[in-house]
Amino acid sequence: MGARPVYLDNAATTPVDPRVAAAMAECLTADGAFGNAASTHRFGREAARLIEAARGDVAALIGAQGTEIVFTSGATEASNLALLGSARANADRRRHLVTARTEHRATLDPLRRLEREGWSVTRLAPDAEGRVSPEAVREALRADTLLVSVMQVNNETGVVQDVAAIGAVCRAAGVLFHCDLAQSVGKVPTAGLARLVDFASLTAHKIHGPKGVGALYVAEGARPWLEPIVFGGGQERGLRSGTLPTHQIVGFGRAAALVASEGAADAARMGTLRATLWESLGALPCVHLNSPLAGGSPAILNVSFEGVEGESLVAALGGIAVSTGSACSSATAEPSYVLRALGRSTELAQSSLRFSFGRTTSAADVDIAAAAVRRAVTRLREVAP
Ligand SMILES: *Cc1c(COP(=O)(O)O)cnc(C)c1O
């Protein structure tokens, strides 16, 4: 087995780009912009200036205004703010929310919390590829529906939803639309999304920025529908109190700017790597593709290997980092609820691996992984009862 470690788990997190790390380092020490952006002296003003520049770079990812960006600790907090904050702000009027069974836990779990507090939640079943139909969204709407939450790119399969059509359904019905874009940025076009959604969750660590920082896009018109879930100094126009982490936000901004200039080329390269990997793995007998090759995220390839436990396969792969199911829920041995919702059997869901690519993934990484997976699958099938 190759000794060189190979990282194919970029959908869980990506390494920080060295250019991002350099920008962050300049915001930490006494000779850098370490000030508190809320202070009015020159140290504070310098931090505030850098933060506002980063805000513009993050907003530009989706064609938003800087004033519509609320910095958070990541996409999880952003989605919690959108869902809990809008539900509580409108508790006396609208108590129904709509989502899909294949959403990330950062969406499903706040909605489950709201359900326990008395809200009503509809969870739509996707088709066999994982797509939620705009018609199903329309049919789920009620007179008291507040919000629809459907992600653009699924983190396990890479399937891309028709957010333009779903957004149009919501707009026509006067219902808010929240979209989780954590896996979208740098993989699929996001430039015009601000016009289509009311709230969008973003995160830095999936685009070669640091962990621990993200943002909620709040469309200007949706601001009155949202109240904060964190209270304190009133930062971020009252929507997210707490001292702004200059180094994190500057890192996020630099990562966003790099995606703007290099993201399309990165995505094209990832698409080629994904095609190469599938060409090799798809030649094995009894393998099932769980990712749509046409139109899906170029960064994700999810495959089930009949008769092989995903966990055994991961163990057999040694130095090759891949994921079974989503990293966030793989602490439990449960088969992926996303693949189950697509109609895959428990066995096939348990025999799946997610390979995911990033800016630093090389063709050699993919070749090493493909050879190792083919060897391991063949061997595990030989020893299987
Ligand atoms: C990673 C991820 C999240 C969580 O983002 P954090 O910044 O880690 O909180 C939410 N949704 C999706 C689709 C993700 O991939």
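Just so you know, ligand 1 is whichever comes first in the structure, and atom 1 is the first atom listed for that ligand.
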Participant: Kindly indicate, with the supporting measurements, whether the criterion salt bridge (charged side-chain N to carboxylate O under 4.0 Å, His left out) is fulfilled by Asp266 and Lys187.
Facilitator: CA-CA 8 Å; Asp266 285 344; Lys187 284 76 177 189; over 6 Å; no

Participant: Can you sort out which atoms of ligand 1 are near Ala182, meaning under 4.0 Å from one of its heavy atoms?
Facilitator: 2 (C), 11 (N), 12 (C), 13 (C), 14 (C), 15 (O)

Participant: Using distance alone, decide if ligand 1 has a nitrogen or oxygen within less than 3.5 Å of any nitrogen or oxygen in Asn155.
Facilitator: no

Participant: Out of all atoms in ligand 1, which are within 4.0 Å of some heavy atom of Thr76? Include the element for each.
Facilitator: 4 (C), 5 (O), 6 (P), 9 (O)

Participant: Relative to ligand 1, is Ala75 under 4.0 angstrom through side chain, backbone, both or neither, heavy atoms considered?
Facilitator: both

Participant: For the residue pair Gln183 / Ser297, report whether a side-chain donor-acceptor contact shorter than 3.5 Å exists.
Facilitator: no

Participant: Taking Glu156 first and then Arg340, would you say they form a salt bridge - that is, a charged N and a carboxylate O separated by under 4.0 Å?
Facilitator: no

Participant: For the residue pair Phe355 and Phe305, does the interplanar ring angle fall in the parallel (under 30°), tilted (30 to 60°) or perpendicular (over 60°) class?
Facilitator: perpendicular

Participant: Quick one: which of Thr203, Leu181, Asp180 has a heavy atom closest to atom 11 (N) of ligand 1?
Facilitator: Asp180

Participant: Ignoring hydrogens, just give me the one of His205, Met151, Arg105, Lys211 whose non-hydrogen atom is nearest atom 8 (O) of ligand 1.
Facilitator: His205

Participant: Might you work through the salt bridge (charged side-chain N to carboxylate O under 4.0 Å, His left out) test for Glu115 and Arg112, ending with a clear yes or no?
Facilitator: CA-CA 5 Å; Glu115 205 168 36; Arg112 181 153 24 127; over 6 Å; no

Participant: Quick one: does Leu50's side chain get under 4.5 Å of Glu26's, heavy atoms only?
Facilitator: no

Participant: For Glu117, is there an ion pair with Arg113 - N to carboxylate O distance below 4.0 angstrom?
Facilitator: yes

Participant: Do any nitrogen or oxygen atoms of Lys206 come within less than 3.5 Å of a nitrogen or oxygen of ligand 1?
Facilitator: yes

Participant: What do you reckon, does Ser73 have a nitrogen or oxygen under 3.5 Å from a nitrogen or oxygen of ligand 1?
Facilitator: no

Participant: If the cut-off is 4.0 Å to any non-hydrogen atom of Gly74, which atoms of ligand 1 fall inside it?
Facilitator: 7 (O)

